[in-house]
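Here's the structure, in structure tokens; my notes come after.
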Amino acid sequence: MTKENLIKVGKAISVSILSLIVYSCMAHKTPINKEVIYSVVFGDRFNNDKMDLSINGIGIFENVYLISDKSDGVTTKWVRVYQNNKYFHISSSEYKGLKKVNLPPNKIQLEISYNGRIEEFELKRENGMYIVISDDGYGNLILNQSVHKPVFD
């Protein structure tokens, strides 16, 4: 082989390896430019209450116990729904990473089994990304959705 042919082969191998690295990174990439669509926290008056949570039939929590903090009233459980282009991802306090899911773009259904009862809530994107779910003190759930970030004191 001539020196020119060796240079061409070397360049071809370099381009192939670089392409493989770029493709591999793209295939396993976690969404970096993701937008939070919904941020759900569980607030006041939970006292070791059992809950299951599904979003559009996708199980998020199962047999989770909620305990509201005595100082700010918030539990340690949360769920976030992200959008990256046309894809949606869910993360929660119960598992690491993101779960890729198919969701409608403008509204989702929460189904919550709470102390043996099932309650359903519809979240609409135009009503805001911040959702606080609390117990009303009588064993019923209250859902507040807002464009304003909640303040806990």
- [ ] Sequence neighbours left out, what pairs pass salt bridge (Lys or Arg N to Asp or Glu O under 4.0 Å) with at least one residue falling in residues 131-140?
- [x] none

Task: Single hit among V101, N102, I108 for side-chain contact (heavy atoms from CB on, under 4.5 Å) with F88 - done: V101

- [ ] Calculate, to the nearest 0.5 Å, the distance between atoms CD1 and CG belonging to I112 and L53 respectively.
- [x] 5.5 Å

Task: Test salt bridge (charged side-chain N to carboxylate O under 4.0 Å, His left out) applied to R45 - qualifying residues, sequence neighbours left out - done: none

Open item on the list: Among residues at least two apart in sequence or on other chains, which ones pass side-chain contact (heavy atoms from CB on, under 4.5 Å) with E111?
Closed with: S54, I118, E120

- [ ] Check the side chains of R125 and Q145 for a donor-acceptor pair under 3.5 angstrom, ignoring hydrogens and angles.
- [x] no

TODO: Scan for salt bridge (Lys or Arg N to Asp or Glu O under 4.0 Å) pairs involving residues 79-103, sequence neighbours excluded, and state none if there are none.
DONE: K77-E94

- [ ] Indicate yes or no: at least one non-hydrogen side-chain atom of L66 is less than 4.5 angstrom from one of N48.
- [x] no

TODO: Tell me, yes or no, whether the heavy-atom count around Y95 atom OH, taken from other residues, nucleotides or ligands under 6.0 Å, exceeds 12.
DONE: yes

TODO: Just grab all the ring-ring contact (aromatic ring centres under 6.0 Å, His included) pairs involving residues 51-75, residues at least two apart or on different chains.
DONE: F42-F61

Open item on the list: Tell me the closest heavy-atom pair linking Y82 and I37, and the distance in Å.
Closed with: C-CG1, 4.1 Å

Open item on the list: So, using salt bridge (charged side-chain N to carboxylate O under 4.0 Å, His left out) as the criterion, who are the partners of K124 when residues are at least two apart?
Closed with: E122

Task: Residue pair I142 / N144: nearest heavy atoms and the distance that separates them - done: CG2-ND2, 4.0 Å

Task: Considering all heavy atoms, the nearest I131-I133 contact - done: CG2-CG1, 4.0 Å

Open item on the list: Give me each pair satisfying salt bridge (Lys or Arg N to Asp or Glu O under 4.0 Å) with a member in residues 50-67, each pair once, sequence neighbours excluded.
Closed with: none

- [ ] Name all residues meeting the side-chain hydrogen bond (donor to acceptor under 3.5 Å, both in side chains) criterion together with D49; count only those two or more places apart in sequence or in a different chain, and write none if there are none.
- [x] Y114, N115

- [ ] For residues G43 and T75, report the shortest heavy-atom separation together with the two atoms involved.
- [x] O-CG2, 4.0 Å

TODO: Under the side-chain contact (heavy atoms from CB on, under 4.5 Å) rule, what do V81 and L103 come out as? Steps first, then yes or no, please.
DONE: CA-CA 10 Å; V81 179; L103 295 174; 3.8 Å; yes

Task: Those residues that, when tested against Y130, pass ring pair (Phe, Tyr, Trp, His ring centres under 6.0 Å) (two or more places apart) - done: none

Open item on the list: Which residues pass the side-chain hydrogen bond (donor to acceptor under 3.5 Å, both in side chains) test with E119, not counting sequence neighbours?
Closed with: R117

Task: Whether S68 side chain and F46 backbone form a donor-acceptor pair below 3.5 Å - done: yes

